[in-house]
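So the structure is just underneath, and the comments pick up after that.
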Protein chains: 2
Amino acid sequence: MAKSARRQQIRSVETRERLILATLDEIHERGYHAATTQDIAARALVSRGALLHHFPTRAELVLAAMERLLDDGIAEIRTVAGRVANESMTIEEFVEFAWRMFSGRFFYLSLEMITEARNDASLRAQMIPVVKRFHAELDIAWAGVCASSARDSQEAGIILNLTLCLMRGMGVQAVLRPEPAYYRQLVEVWKRTLPLLLAGRLDKSFFA
Amino acid sequence: MAKSARRQQIRSVETRERLILATLDEIHERGYHAATTQDIAARALVSRGALLHHFPTRAELVLAAMERLLDDGIAEIRTVAGRVANESMTIEEFVEFAWRMFSGRFFYLSLEMITEARNDASLRAQMIPVVKRFHAELDIAWAGVCASSARDSQEAGIILNLTLCLMRGMGVQAVLRPEPAYYRQLVEVWKRTLPLLLAGRLDKSFFA
DNA sequence: TGAAAAAAGCAGGCAAGATTGTTTTTATTG
DNA sequence: CAATAAAAACAATCTTGCCTGCTTTTTTCA
């Protein structure tokens with residue numbers, strides 16, 4: 001009974017799912033503004049009427065898509081955190097993971113939203129809490145990575161954010177400077193710098 | 001004669017100038033797409049007809065504005081390079097300069113263009129050379145900063161780009177994480193890290 | 001149980017608004 | 001008088017959100 005009693009609901013969820021995925025794909029491939037409701041509906045194999053039935057306004061659809069993106073990101077980070085707890089991931093590998101994250105679809109989708117959020121106070125307000133959750137998850141993953149280092153958690157946090165900002169900046173630059181070798185080099189250097197910062201060989205006042 | 005013979009030309013140049021400045025202002029305040037030709041013309045106190053007379057298409061206007069932005073940026077960097085040559089600027093001050101650059105109007109305008117360029121092959125192709133020039137200028141400024149360090153120019157270049165990517169990433173994050181103290185902290189830590197990297201106390205193989 | 005009513009998902013047409021670029025006019029300068 | 005700058009009206013697209021039906025599923029009630 002419960003099974004057939006909700007056949008329609010299941011169908012509805014599937015449609016929403018396809019719409020959200022199509023939205024992310026469109027924004028990623030064409031950009032925030034070029035992703036029209038028409039294109040999204042077509043890509044999801046759904047009529048535009050159906051799209052507007054599930055998401056009365058474009059903004060609602062985009063926001064739902066964004067929450068989905070970050071949730072997926074969080075899930076990925078949790079996996080990484082697990083592998084770190086297992087001690088099956090090193091700092092070097094964590095850096096590689098971060099760079100993959102900031103040079104792929106996830107990041108460029110974020111970038112579209114960030115750029116848009118800068119000009120849309122409402123969107124920005126809605127995204128800030130979601131971003132907070134995201135960083136909280138990253139902190140957890142990182143805490144595992146640093147568990148054996150000499151740094152306390154606040155210092156380790158600084159080092160994490162240094163790393164992430166570096167990768168983020170590299171991701172942005174990659175748009176107009178497509179030179180994989182260049183980024184490879186920066187990543188490698190950073191992988192060698194990180195242990196130095198974590199080792200605690202530096203003055204205590206370093207992070208004051 | 002030359003004066004009156006070109007009164008009209010002067011007028012034309014002034015109009016173009018106002019249009020370009022208005023374009024940058026509009027894109028900065030409202031975003032790339034929200035900056036319509038109407039708004040730009042109104043802001044420049046010029047009729048839309050005149051705007052289209054000088055820049056037949058919106059794309060041409062935006063590109064001209066962008067070239068202007070980067071040229072101004074280059075001019076600013078040259079000034080800094082001069083002060084570095086004078087030895088009237090330290091590494092710490094250079095970092096501060098970079099952070100100002102990546103947390104202000106110049107950077108957010110660039111970000112609008114970068115995001116757009118990711119989805120517009122034509123725009124991207126036109127911007128890459130301009131960006132190259134920009135980085136070349138930065139290299140020159142940096143060469144002055146590093147003249148007295150133990151690093152050779154290639155190593156110094158890596159350190160420069162590490163610094164710039166860091167600042168760039170911070171600038172992006174600042175949109176959805178408006179916490180000045182947080183960025184202050186990262187900047188300070190980096191100011192202390194940089195001399196370490198430049199000092200050459202690290203293995204030669206560090207930058208291999 | 002079974003049929004009608006209600007609700008939900010879905011499809012497509014439609015109007016309103018906005019934006020761009022063209023074309024036509026006017027004015028100013030040489 | 002010719003040419004260039006500037007203004008203004010105009011046409012052509014696009015995109016969004018609304019509204020009206022249609023079909024399928026679910027619920028209700030006799």
Side-chain angles (χ1 to χ4, degrees), chain A residues 1-23 25-27 29-66 112 116 119-120 122-123, chain B residues 1-23 25-27 29-66 112 116 119-120 122-123:
Chain A
M1 178 168 134
K3 184 175 172 184
S4 71
R6 300 197 171 148
R7 206 181 301 167
Q8 197 165 182
Q9 198 181 35
I10 289 170
R11 192 181 173 201
S12 173
V13 168
E14 285 174 350
T15 303
R16 288 177 63 100
E17 180 74 0
R18 268 185 301 167
L19 283 170
I20 285 175
L21 295 184
T23 302
D25 283 342
E26 280 294 318
I27 294 180
E29 290 177 16
R30 310 246 166 103
Y32 186 94
H33 287 90
T36 67
T37 52
Q38 291 189 85
D39 294 341
I40 292 170
R43 180 164 209 144
L45 300 177
V46 162
S47 75
R48 215 178 76 84
L51 181 150
L52 256 60
H53 171 72
H54 288 285
F55 301 95
T57 173
R58 184 183 182 278
E60 290 178 57
L61 172 59
V62 170
L63 188 66
M66 217 51 213
E112 292 282 340
E116 188 59 25
N119 303 303
D120 181 337
S122 160
L123 177 63
Chain B
M1 184 167 118
K3 183 175 172 183
S4 72
R6 296 191 174 151
R7 206 179 301 167
Q8 200 166 183
Q9 198 182 36
I10 290 171
R11 191 181 171 201
S12 173
V13 168
E14 284 174 349
T15 302
R16 288 177 65 99
E17 179 74 2
R18 268 185 303 168
L19 283 170
I20 285 176
L21 295 184
T23 301
D25 285 342
E26 280 294 316
I27 293 181
E29 290 177 16
R30 308 249 166 100
Y32 186 93
H33 287 91
T36 68
T37 52
Q38 292 189 86
D39 294 342
I40 292 170
R43 181 164 208 144
L45 300 178
V46 161
S47 77
R48 214 178 76 86
L51 181 152
L52 257 62
H53 170 70
H54 288 284
F55 301 95
T57 174
R58 184 184 183 278
E60 291 177 57
L61 172 58
V62 170
L63 188 67
M66 217 51 214
E112 292 283 339
E116 188 59 25
N119 303 304
D120 181 338
S122 161
L123 178 63

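Proteins get letters first, then strands, A, B, ... in listed order; numbering begins at 1 in each. Just so you know, these numbers use all the heavy atoms, side chains as well, and skip hydrogens, waters and symmetry mates.
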Subject >> Nearest-nucleotide pick for A/Arg48, side chain only, options being D/dC18, D/dA7, C/dT20 >> reply: D/dC18
Original post:
Do any side-chain nitrogens or oxygens of A/Thr36 fall under 4.0 Å of OP1 or OP2 in D/dC14?
Top reply: no
**OP:** Using whole Å, report how far CZ of A/Arg11 lies from P of D/dT23.
**Re:** 13 Å
Original post:
Should A/His54 be listed as having a side-chain N or O under 4.0 Å from OP1 or OP2 of C/dC10?
Top reply: yes
**OP:** Tell me which of A/Ala35 and B/Ala50 sits closer to the 5' end of DNA chain D, going by the nucleotide each one is nearest to.
**Re:** B/Ala50
**OP:** Compare side-chain N and O positions of A/Ser47 against OP1 and OP2 of C/dG12 and report whether any pair is under 4.0 Å apart.
**Re:** no
Original post:
Does A/Thr37 put a side-chain nitrogen or oxygen below 4.0 Å from OP1 or OP2 of D/dT15?
Top reply: no
**OP:** To the nearest Å, give me how far apart CD (A/Glu14) and C1' (C/dC10) are.
**Re:** 15 Å
**OP:** Respond yes when some side-chain nitrogen or oxygen of A/Thr57 is under 4.0 Å from OP1 or OP2 of D/dT16, and no when none is.
**Re:** no
Original post:
B/His53 NE2 to D/dT4 C1': how many Å, rounded?
Top reply: 6 Å
**OP:** Whole angstrom is fine here: how far is it from CD1 in A/Ile10 over to P in D/dT26?
**Re:** 9 Å
Subject >> B/Glu60 vs B/His54 side-chain heavy atoms within contact, under 4.5 Å >> reply: no
Original post:
Quick one: is B/Gln38 getting a side-chain N or O under 4.0 Å of the C/dT20 phosphate, OP1 or OP2?
Top reply: no
Original post:
Could you state the CZ-P distance from A/Phe55 to D/dT16, rounded to the nearest angstrom?
Top reply: 15 Å
